[in-house]
Amino acid sequence: MAAKLLAWYDREGRTLPWRIRPGAEETPDPYKVWLSEVMLQQTTVKAVLPRYGRFLGRWPRVEDLAAAPLGDVLAEWAGLGYYARARNLHACARVVAEEHCGEFPSTEAGLKKLPGIGDYTAAAIASIAFNEPATPVDGNIERVMARLFALKTPLPEAKPEIKAMAASLTPPDRPGDFAQALMDLGAQICTPKRPACGLCPIRPDCEGLAEGLAEVLPYKAEKAERPTRLGTAFLGVRADGAVLLRERPPKGLLGGMLEVPSTPWGPKDAAEPLAFAPLEADWRMTVGLVEHTFTHFHLKLQVYAAAVPEDATLSEAAEPERCRWVARRDLASAALPSVMRKVLRQGLGE
DNA sequence: GACTCGTGGGT
DNA sequence: TACCCAAGAGT
């Protein structure tokens, strides 16, 4: 099975900037493997491609990343989502630079001690960058294994079983290529919907296909429904065009990123939203409603706007020590998450 | 084990 | 439209 899959991978595998082509002389750079793996966590290859190049160009070595201010890293990450990844990436770079002389640990166990590196990423780096006999299991590999073995146990209950199956198939000589081959198979052939079984190199081995279940596996536990949260945001604009923004607390949702100041987001609107305004002004509801969907809730943000004088005093309710005026031309490169870019786009016109 | 934590694209 | 889903980690 592994041999057939590897032969397919050598022939049909994707060419990606962080990947060394099978058979090449070059040896993988653990820094690049790590960076790509963290960026790819729950994120599509398409979304990562342009960001990976920018990131690497700005911070070519782990020491460069370690020396950067966190705010710069968050700004570069803006729009990619799951911002704890960027915070952990930065923390991890500092640990590697300062405590490991700039060299990543080569074992799965050593890697897993680092911030932002969990089961999957530790096994991925160990196998891909260091040729260690580790078996990463991502969503693709879960799907491929569930189908290959016609596994009817639903996820996430099936995870230990799947890990054992994948480990039993991993060839000792090419663990990293095998993992990447499974991931490419999952991304290109063994897709979640309408898998291209006719093109699959391991079709004869697939018990799921034999049982007519390839398309419906893996089974999954039902997920909770998403509630809706409401809030009111205050877009203050100075005569020179600068916008009032605020840094969010360092952890939690959008931690460390910039936001348009707002009321807390709750199941109901604040009774007196204006009590949360960052300053006294003629707030008007001209912008309207901005809607955004996060992983586990929908947000409906009512946006007020006001022209603000140069000498306006920030109110204590807005926590002025976290506030700053940002020039219009600096917005593009600021640490603004997508939901806040949506607010600005709608509020500043376009 | 169950939550929290983003975003954009595909169906 | 309303889901589903993507090279998951931390608590």
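Convention: sequence-line order gives letters A, B, ...; per-chain numbering from 1.
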request  = Give the intermediate values and the outcome of salt bridge (charged side-chain N to carboxylate O under 4.0 Å, His left out) for residues A/Asp282 and A/Arg284.
outcome  = CA-CA 6 Å; A/Asp282 183 20; A/Arg284 292 181 178 277; 3.0 Å; yes
query = Would A/Arg61 count as a cation-pi partner of A/Trp34, with NZ or CZ less than 6.0 Å from the six-membered ring centre and within 45° of the ring normal?
reply = no
key: No-hydrogen, no-angle side-chain donor-acceptor test under 3.5 Å, A/Arg85 and A/Thr43   = yes
inquiry  = By nearest heavy atom, map A/Pro156 and A/Ser338 onto DNA chain B; which one lands nearer the 5' end?
reply    = A/Pro156
key: Aromatic plane relationship, A/Phe234 with A/Trp283 - under 30° parallel, 30 to 60° tilted, over 60° perpendicular   = perpendicular
task = Check the side chains of A/Glu37 and A/Tyr120 for a donor-acceptor pair under 3.5 angstrom, ignoring hydrogens and angles.
result = yes
ask   = In whole Å, what separates the P atom of B/dC3 from that of C/dA7?
value = 24 Å
query = So, does A/Arg51 use its side chain to make a donor-acceptor pair with the main chain of A/Ala78 at under 3.5 Å?
reply = yes
ask   = Which nucleotide span of DNA chain B, 5' end to 3' end, has atoms closer than 4.0 Å to non-hydrogen atoms of chain A?
value = B/dT4 to B/dG8
Nearest atoms (heavy-atom pairs only) where A/Ala166 meets A/Phe178 = O-CE2, 4.2 Å
A/Gln346 side-chain N/O to A/Leu289 backbone N/O, donor-acceptor pair under 3.5 Å = yes
query = Nucleotide by nucleotide, 5' to 3', does protein get under 4.0 Å of the base (B), only the sugar-phosphate (S), or neither (-) in nucleotides 4-11 of chain C, counting heavy atoms?
reply = SSBBBSS-
query = Using atom P of each nucleotide, how far apart are B/dG6 and C/dT11 to the nearest Å?
reply = 14 Å
Earlier contact from the 5' end, DNA chain B, for A/Glu157 and A/Gly252 = A/Glu157
task = Name the nucleic acid region contacted by A/Gly255, choosing base, sugar-phosphate or nothing; use a 4.0 angstrom heavy-atom cut-off, strictly under.
result = nothing
